[in-house]
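Shown next, in structure tokens, is the structure this report addresses.
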Amino acid sequence: MRLLYVFALILAVRLASVFVVQTYYVPDEYWQSLEVAHKLTFGYGHLTWEWVQGIRSYLYPVIIAGLYKLLALLQLDSANLLVLLPRILQALLTTYSDYRFYVWTGKRKWALFLILVPWFWFYTGSRTLANTLEASLTTIALSYFPWFGEGTVYLWPAAICCFLRPTAAVIWIPLSLYHLRKSRLSVVQLILKRFLLIGLLVAGLGVAIDTYWHGQLVVTPYEFLKYNIFNNIGSFYGSHPWHWYFTVGLPTVLGINTLPFIYGIMETVRKSEKFPVSKQLLITIFLTLAILSGVEHKEFRFVSSLLPLCLYVATDALSRWSYKASTSVLWATALVILVGNAIPAWYFSTVHQTGPIELMPKLREIAQEYRDERDHRANILFLMPCHSTPYYSHIHENVTMRFLTCEPNLDKQEQYKDEADRFFEDPLRWLNSNIPVHPLTAQPSHLVLFDPLAENISVFLRNYRLLHRIVHAEVTELESWQALVDEKSPYLASLLQHRQPRTGHSILVFQRLKTGGENAFNKDEAEDIPLPDNPQPQEVPQNAFN
């Protein structure tokens, strides 16, 4: 198959994912890339605590900021392009990494098929996540690795990976040791003239960029390890059992591709002499999972960099198996893999958690056009779990916005609770302690919240009317399933970890009634908000703000 056609096919799939994938996955897609780049370029926005503490590198956001700056100079910095072009940029890098995977595996048809169909890679391959960048760079580095010769080109993308996310070193340490052992060059020469030199150059450039943008000397990989590993700050955002990556994490990321991967493991173990590359990759995969399992906080995306390693093992085994299999069996196998990936790819890309993405154009319109009775611009308050939506990068209007924060316990206070926890413990008390009652114009012009919260703060909402209801996720139907899973299988329970009672089926947008306006919420639209079966009068705490 001609390489140009292969590249065009991969490019078509990755660009298609930019437009097909219109759902919310994790906050880092925006808050650790687009929001940072927007702040750098346009001077307004929000930086999370990670940027204040200096544990994140500016390498990735600076690239996006350069794109933003170009758009601004050309006066093309519309919100739509600010959202779209960074994803296209990431999709182009993913395309190149997929192409390099095809070349690395010997230009096998199974390699092209297996790199194009994985549901998780389609779902995340065009997202502006540091993990997506890491996975792409890992694939590129693996394709240049000297499996059957000499070469050190791979050290450049590998070093960038390790600087961006120090946990990437758990992949590259065993591979680098393998390189040292098999190379015909002396160990001293390799270490001093290749490993150390390239590592210092990449680290020097990274430290220079981070020091400039952070405003002080900072080594972000060290700060990353200090907070996330040594101080275990990540556990604040959730913990999983040690075996989670083996039993849930990696199998979920692989999806139905777990089956050919397991077949690849069996073939490699049985005939290790025929699968030298797969053998080394399996050692690397196992060591990586074992080391990452020692960290309490675990997420699916943290093992996305292992996807190319696993797919190589599967490709190697399936390619040899294909010589003996019949045509009908080959087509049936490919069809099962395709359908098994297409279903979750479609669901998670177009159905699950669409609300935050559909919400932002509506908020953008409000930010652009709304004026209150005093001709003030919009003042938007997000009463949701922190970082539940994108932020200024998707609105691109310098209006006042506020969300419930969730910084971890950096000062190690006893009985610490972040702002979001304090709010959801007693929403009315928090509102009356933080939002002034008079004058009416001092209250937020707009509220954004998930539908279950509306019934708990109905007293506060008497001065607001429902403006938009946006379908988010079918979480209501999961309640009975969650109870059963929690009781019967704590392993499967982690799959539903992001379904929290603080979220809901829909996202609601309320607009404050202007002075003298009719209270439409309590009249015409009351039926749109779920209320308790036996509503009781609620006592409103005294406004501590005043």
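Basis for what follows: all heavy atoms, side chains included, without hydrogens, waters or symmetry-related copies.
Side-chain contact annotation: Q216 with T211, donor-acceptor N/O pair under 3.5 Å absent. For the residue pair D210 and T220, a side-chain donor N or O sits within less than 3.5 Å of a side-chain acceptor on the partner. Inspection of the E299 and Y245 side chains reveals no N or O donor paired with an N or O acceptor under 3.5 Å. Under 3.5 Å, the side chains of E50 and W31 contain no donor-acceptor pair of N or O atoms. For the residue pair W119 and N257, no side-chain donor N or O sits within less than 3.5 Å of a side-chain acceptor on the partner. A donor and an acceptor atom, one from each side chain of S393 and E35, are located under 3.5 Å apart. In this model, no donor atom of one side chain and acceptor atom of the other lie less than 3.5 Å apart for Q53 and E223. Between the side chains of N434 and R429, no donor-acceptor pair is found at a separation under 3.5 Å. Side chains of T23 and T354: no donor on one and acceptor on the other come within 3.5 Å.
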Between F101 and W104, is the ring-ring contact (aromatic ring centres under 6.0 Å, His included) condition met? List the steps.
CA-CA 5 Å; F101 178 85; W104 169 39; 5.7 Å; yes

For side chain to side chain contact (heavy atoms under 4.5 Å, CB included), just list the numbers for V269 and F275, CA-CA rounded to whole Å, side-chain angles, deciding distance to a tenth of an Å, and then say yes or no.
CA-CA 9 Å; V269 172; F275 298 90; over 6 Å; no

Intermediate values then yes/no, ring-ring contact (aromatic ring centres under 6.0 Å, His included), W244 and F300
CA-CA 10 Å; W244 187 84; F300 297 115; 4.9 Å; yes

If you apply the rule side chain to side chain contact (heavy atoms under 4.5 Å, CB included), what do you find for L381 with V448, and how did you get there?
CA-CA 6 Å; L381 174 61; V448 184; over 6 Å; no

For W430 and E425, what are the C-alpha separation, side-chain angles and deciding distance, and is it a side chain to side chain donor-acceptor pair (under 3.5 Å)?
CA-CA 9 Å; W430 186 95; E425 276 189 353; over 6 Å; no

Would H352 and Y24 count as a ring-ring contact (aromatic ring centres under 6.0 Å, His included) here? Give the steps.
CA-CA 8 Å; H352 183 63; Y24 190 87; over 10 Å; no

Before giving the answer on side chain to side chain contact (heavy atoms under 4.5 Å, CB included), spell out for L93 and T132 the whole-Å C-alpha distance, their side-chain angles and the decisive distance to 0.1 Å.
CA-CA 10 Å; L93 179 60; T132 303; over 6 Å; no

Side chain to side chain contact (heavy atoms under 4.5 Å, CB included), that's the test. Do F19 and L84 meet it? Break it down for me.
CA-CA 9 Å; F19 300 94; L84 182 64; 3.7 Å; yes

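The pair D316-K279 does not meet the salt-bridge criterion, since no charged nitrogen lies less than 4.0 angstrom from a carboxylate oxygen. Using a 4.0 Å cut-off between charged side-chain N and carboxylate O, R402 and E419 make a salt bridge.
Under a 3.5 Å cut-off, the side chain of T94 and the backbone N or O of G125 do form a donor-acceptor pair. Using a distance-only test at 3.5 Å, with no hydrogens or angles considered, a donor-acceptor pair links the side chain of D418 to the main chain of A420. Distance alone, capped at 3.5 Å, is enough to place a donor-acceptor pair between the N409 side chain and the Q413 backbone. The backbone N or O of T95 lies less than 3.5 Å from no partner atom in the side chain of R14, so there is not a single donor-acceptor pair. Remark: side-chain polar atoms of T138 are not paired, donor with acceptor, to backbone N or O of S305 under 3.5 angstrom. A distance-only check finds a donor-acceptor pair linking the side chain of K298 to the backbone of V295 [under 3.5 Å]. A donor-acceptor contact shorter than 3.5 Å is absent between the side chain of S183 and the backbone of L180. Distance alone, capped at 3.5 Å, places no donor-acceptor pair between the S33 side chain and the L129 backbone. No donor-acceptor distance shorter than 3.5 angstrom exists from the side chain of Q353 to the backbone of S349, with no hydrogens or angles considered. At least one donor-acceptor pair under 3.5 Å links the side chain of E150 to the backbone N or O of R184.
Here the CG-OG1 distance, from L34 to T41, works out to 10.5 Å after rounding to the nearest 0.5 Å. Atom OH in Y416 sits 6.0 Å away from atom CD in E407 (nearest 0.5 Å). Taken from OG1 in T124 to CG in L307, the straight-line distance is 8.0 Å, to the nearest 0.5 Å. Rounded to the nearest 0.5 Å, atoms CD1 (I10) and CG (L112) are 5.5 Å apart.
Using the six-membered ring where Trp is involved, Y154 and F195 have ring planes that are perpendicular, over 60° apart on the 30 and 60° scheme. In this structure, F403 and Y391 have perpendicular ring planes: the angle between them is above 60°, well past the 30° mark. Classification of the H38-F42 ring pair by plane angle, with boundaries at 30° and 60°, yields tilted.
Exactly one of L185, I191, V187 qualifies for a side chain to side chain contact (heavy atoms under 4.5 Å, CB included) with Q189. That residue is L185.
Relative to the six-membered ring of Y123, R127 meets both conditions, a distance below 6.0 Å and an angle of at most 45° to the axis. Both the sub-6.0 Å distance and the 45° axial angle are satisfied by R100 relative to the ring of Y144.
Aromatic ring centroids of F450 and H472 lie under 6.0 Å apart.
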